[in-house]
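Input: a single structure, listed below in structure tokens.
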Amino acid sequence: MFSGAHVILYTPDADADRAFLKDALGFEHVDAGGGWLVFRLPPAELAVHPTADEPKHEFYLMCDDLTETLAALREHGAETSEPSDQGWGLLASVRLPSGSELPLYEPRHPTTHGSSP
């Protein structure tokens, strides 16, 4: 029924963040016209969590080895946070050139695309 998912990040400096996704993260992309880059993402999964607060949506890039990923990002000059152990996984983030934070996640549970602890 569905062929994929389209994720949108709204940032104050989209051009700089697109360049970072292309150059530092190495995401394959297409030009949708006029330099408007659309990036191919790794396999994705969707989880639904309960909340008593207002509904919201979150986007994380998943990694098999968060420590290795953070080191590679820092080699590209990226600013990253230190990982925090949540029990069910490790969390960190990379700061995009616009100042936006992009969360990174190393799960410790089975995933839908075959990675498992």
Side-chain angles (χ1 to χ4, degrees):
M1 180 184 317
F2 300 104
S3 63
H6 186 82
V7 177
I8 300 173
L9 302 180
Y10 291 93
T11 79
D13 192 344
D15 289 335
D17 289 349
R18 286 186 201 117
F20 181 82
L21 294 171
K22 178 175 68 82
D23 299 333
L25 299 188
F27 283 173
E28 293 180 33
H29 59 280
V30 297
D31 188 326
W36 198 276
L37 303 183
V38 178
F39 297 92
R40 180 180 185 152
L41 293 176
E45 59 185 28
L46 175 67
V48 180
H49 292 235
T51 183
D53 298 326
E54 287 295 314
K56 66 179 182 176
H57 309 292
E58 297 178 346
F59 175 71
Y60 294 80
L61 289 177
M62 295 170 66
C63 341
D64 291 330
D65 185 329
L66 185 59
T67 302
E68 184 179 291
T69 299
L70 294 172
L73 288 168
R74 289 177 186 136
E75 285 180 16
H76 278 85
E79 182 183 337
T80 65
S81 68
E82 290 301 317
S84 67
D85 188 333
Q86 302 296 310
W88 39 261
L90 298 174
L91 294 180
S93 65
V94 60
R95 184 177 300 276
L96 299 177
S98 67
S100 301
E101 296 285 327
L102 183 57
L104 308 175
Y105 171 41
E106 178 186 329
R108 289 192 177 137
H109 56 78
T111 66
T112 62
H113 54 276
S115 298
S116 60

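Numbering of residues begins at 1 and proceeds along the displayed sequence.
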**Item:** From Leu61 atom CG to Phe27 atom CZ, the distance as rounded to the nearest 0.5 Å
**Value:** 4.5 Å
**Prompt:** Looking at side-chain heavy atoms only, is the closest gap between Leu9 and Ser100 below 4.5 Å?
**Reply:** no
**Asked** If Ile, Leu, Val, Met, Phe, Trp and Tyr residues are connected whenever their side-chain heavy atoms lie under 4.5 Å apart, and connections chain through other members, are Val7 and Tyr10 in the same group?
**Response** no
Report, one line per pair, each donor and acceptor closer than 3.5 Å where one atom sits in a side chain of residues 89-97; sequence neighbours left out.
unit_1	atom_1	unit_2	atom_2	d
Ser93	OG	Ser81	OG	3.4
Ser93	OG	Glu101	OE1	2.6
Arg95	NE	Glu79	OE2	3.4
Arg95	NE	Glu101	OE2	3.4
Arg95	NH1	Gly99	O	3.0
Arg95	NH1	Glu101	OE2	3.2
Arg95	NH2	Glu101	OE2	2.9

**Asked** Are any of the side-chain heavy atoms of Pro42 and Met62 separated by less than 4.5 Å?
**Response** no
**Prompt:** Heavy atoms, side chains only, cut-off 4.5 Å: are Asp23 and His76 in contact?
**Reply:** no
**Message:** Under the rule for ring-ring contact (aromatic ring centres under 6.0 Å, His included), what residues qualify as partners of His29, not counting sequence neighbours?
**Reply:** Phe39
**Asked** What is the minimum heavy-atom distance between Arg18 and Asp15, and which atoms define it?
**Response** NH1-OD1, 2.9 Å
**Request:** Considering non-hydrogen atoms only, spot the tightest contact between Lys22 and Leu37 and give its length.
**Result:** CD-CD1, 4.0 Å
**Asked** Does a donor on one side chain sit under 3.5 Å from an acceptor on the other, for Ser84 and Glu82?
**Response** no
**Prompt:** Under 4.0 Å between a Lys/Arg side-chain N and an Asp/Glu carboxylate O for Arg108 and Asp85?
**Reply:** yes
**Request:** Quick one: closest heavy-atom pair of His109 and Trp88, and the distance?
**Result:** CD2-O, 3.8 Å
**Heavy-atom pair with the smallest gap, counting every atom of His6 and Val38** = CE1-CG1, 4.1 Å
**Message:** Is there a side-chain contact between Phe20 and Leu102 in this structure, where contact means two heavy atoms from C-beta onward sitting under 4.5 Å apart?
**Reply:** no
Under 3.5 Å, which donor-acceptor pairs link side chains of residues 52-59 to any protein atom two or more places apart or in another chain?
unit_1	atom_1	unit_2	atom_2	d
Lys56	NZ	Glu58	OE2	3.2
Glu58	OE1	Tyr60	OH	3.0

**Prompt:** Do the side chains of Leu73 and Leu25 get nearer than 4.5 Å, heavy atoms only?
**Reply:** yes
**Prompt:** How about Glu28: does its CD atom have over 12 heavy atoms from other parts shown lying under 6.0 Å from it?
**Reply:** no
**Request:** Rounded to the nearest 0.5 Å, what's the gap from OG1 on Thr80 to CG on Leu66? Could you check?
**Result:** 8.5 Å
